[in-house]
There are 2 protein chains.
Amino acid sequence: MAREKRLPTISDVAKLAQVSRATVSRAFGRPELIGEETVKRVLRAAKELGYQPNQTARALSTGRHTNIAIVVPDVANPFFPPLIRAAQAGADAAGYSVFLGDSDEDADREHTLTQRLALQVEGFILASSRMQDEQISELAERRPLVLVNRDTRGIPRVLIDAAAGIHAAVEHLAQLGHRRIVYVSGPSNSWSDQERRRALKRAVRKAGMESVAIGARRASFEAGRQVVAEVRGTGATAAITFDDLVAHGLLAGLLEHGVSVPREFSVIGCDDVLGASTFPALTSISARCDAAGQIAFDLLMKAMQGAESADVRCVLESRLAVRATTGAAPARSSRKA
Amino acid sequence: MAREKRLPTISDVAKLAQVSRATVSRAFGRPELIGEETVKRVLRAAKELGYQPNQTARALSTGRHTNIAIVVPDVANPFFPPLIRAAQAGADAAGYSVFLGDSDEDADREHTLTQRLALQVEGFILASSRMQDEQISELAERRPLVLVNRDTRGIPRVLIDAAAGIHAAVEHLAQLGHRRIVYVSGPSNSWSDQERRRALKRAVRKAGMESVAIGARRASFEAGRQVVAEVRGTGATAAITFDDLVAHGLLAGLLEHGVSVPREFSVIGCDDVLGASTFPALTSISARCDAAGQIAFDLLMKAMQGAESADVRCVLESRLAVRATTGAAPARSSRKA
DNA sequence: CTGTTAGCGCATTCAC
DNA sequence: GTGAATGCGCTAACAG
């Protein structure tokens, strides 16, 4: 098959252009170092042969791969694609190619993945990393590294701060007459989850309300759906969930159990990735995850260029997008303490 | 910075294990060629130094990169993540790393992307490629290549065949009393779009109905939303859209225009990626895109192993998932021919 | 400005 | 079984 045809190398171009291989190399890498005429001649020869510089060889020689890696726990989780897309766009514009790693929510796999990739990339973007701080730091020592939704000191990171949105959410619920909120949590090794849980506790206290947390097994539709009984058992009249997927599942489960939303129960999601596509349209804590991806790449770019900058910690604010799953608390019935 | 620390190479290991570099190389690549004792000694030395074979150097020497690339028009389109995820999982299990390319629906960018990647990967998966057949064939000549949702002769491909689902959809609409269907198309350079359009035409004829096609600019929510007037202008009582995103947008637009679904108008999507999350829950033509990803990788794997197999053309059937956006055709009013 | 030389880290002939 | 030598394609000093 034609696939075996040897590709033209720098030597072929050199011969055709009647210059040395070094000159060809320069014509591509640093044209300003050689004569305009020469550059043109070389380029013409290269085009004629269909020559294309070999990244691999270049990388071996220079250590620069012009590759980066983006690692996420689950590509199929709608939170990540916009982030990946944005980062990818930035990388593309800068001439970088991107590896994608999916850890399947597993710290070990993430570790293996990053190790395997480390020698082929110049830098990493780790989104919602499930690894331990230690492993992250270790990796950061080998390669420039930017974290998304993970707050590890000393490592450049972009955080989506749910606090503002959560405070708004709690106030919103308070005004609607709710007194007791349940938080349906996500992966326990998730920074976002801990952060949200903490913010909620604070907001609730400030509003003079009560809250209780229960765990969803995983950040997914199914997990949300299966937790309905437990949610109802808490006596809460409203739920804030780890993310929109869980909220969506909860919505479906509630419906199955004959619970009307928002008349009997209110639901607020996080991330706002489902837009208005659920029914009722989901009230959600919104943040621009595409912006996070873009910023993450910019930071990585700087780090790769050797900027030994101070501790970068970029936080993106969130806000509450009120839609149709929140309503007045149901009139108090039985359990009056 | 610690990042500059030189990594241990094969030579370091060789020295420590008191063998030659060749032996170290073999200990990793083909242990059966050397003594068990020696292997153990080398491996121990390697571990002690934290040695890790350098992929780049290996690739330069052998031509085998243990990398593949997956290229899609838009990562953020919910059709692709499950596919990517499945392919990625397969690759991971086989020890391959994966590059992700996002062409942003643009043939030229896709071409650039694939060219840039070609020297770093052993094979490609092109999902819903926007390139011309010619460019695809050219690439296929350089590297093993598997297509998804693109029917190019001579190149291994996995196709999601909407025909079955579309026929079911049309029959479904026929039974509900609809006589005139509008197809809201997607990217014109999309194989899927052409295929769906064709299947629809056939199905409609068979059912003795009429159909008309109009174009959405892009496969997106917004595109669907903006096309409402045109859709209504066709006099059709039901729409089948290129994909769920467009259907979802159409739903939203219809709502804005005060058109009740499904009472006044029925909508059917394609791909079934939104699940039951829209309102009303979207009737859609469903196919398992994760299976497509998995199969695509398996095929690629075979191709990379040199299987010069016959023309592979794997088609996955689709079916109709009836939900709540389809209902009886509205009573005929004004325009009676 | 341009050519020469010497590796980058590894796999692979050949000898032994 | 194992070691010495050679080359993958390119860049980076160092000369001139």
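Reminder, nothing fancy here: chain letters follow the sequence lines and each chain counts from 1.
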Nearest whole Å is fine: how far is C:dG3 P from A:K15 NZ? 15 Å
May I ask you to decide whether B:R130 forms a salt bridge with B:D104, counting only side-chain N to carboxylate O separations under 4.0 Å? no
Please give, in whole Å, the distance from D:dC10 P to A:R21 CZ? 8 Å
When you check the gap from the basic side-chain N to the acidic O, do A:R109 and A:D102 get nearer than 4.0 Å? no
Counting only heavy atoms and a strict 4.0 angstrom limit, can you tell me which residues of residues 43-61 of chain B come near DNA chain D? B:L60, B:S61
Looking across every strand, which nucleic acid part, if any, lies under 4.0 Å from A:V24 by heavy atom: base, sugar-phosphate, or nothing? nothing
d(CZ, A:R30; C1', C:dC1) in whole Å: 15 Å
Tell me: CZ of B:R64 to P of C:dC10, nearest whole Å? 17 Å
Distance check needed: D:dC8 P versus B:H65 NE2, whole Å only. 15 Å
Please identify each residue that fulfils salt bridge (Lys or Arg N to Asp or Glu O under 4.0 Å) with A:D12, with sequence neighbours left out. A:R6
Would A:Q294 and A:R288 count as having a side-chain donor-acceptor pair, cut-off 3.5 Å? no
Taking atom types as modelled, is there a side-chain donor on B:E110 or B:S129 under 3.5 Å from an acceptor on the other? yes
Could you check whether B:S25 gets within reach of a base, just the sugar-phosphate, or nothing at all, counting any heavy atom under 4.0 Å? base
A:F99 vs B:F99 aromatic rings, parallel, tilted or perpendicular, using cut-offs 30° and 60°? parallel
Between B:T23 and D:dT2, does any side-chain N or O lie under 4.0 Å from OP1 or OP2? no
Length of the line joining A:K40:NZ and C:dC1:C1', which is rounded to integer Å: 17 Å
Within this structure, what is the CZ-to-P distance between B:F28 and C:dA11, rounded to whole angstrom? 9 Å
Any Lys/Arg nitrogen of B:D290 or B:R85 sitting under 4.0 Å from an Asp/Glu carboxylate oxygen of the other? no
From CG of A:L33 over to P of C:dG3, roughly how many Å is that when rounded to an integer? 14 Å
Can you name the atoms? Protein N/O to nucleotides 13-16 of chain D N/O, anything below 3.5 Å, with the distance.
{"residue": "D:dA13", "atom": "N6", "partner": "A:R26", "partner atom": "NH2", "Å": "2.9"}

Looking at B:R153 and B:D133, is any side-chain nitrogen of the basic one under 4.0 Å from a carboxylate oxygen of the acidic one? no
Say whether B:T66 and B:E122, considering side chains only, have a donor N or O and an acceptor N or O under 3.5 Å apart. no
So, is A:S20 near the phosphate of C:dG3, with a side-chain N or O under 4.0 Å from OP1 or OP2? yes
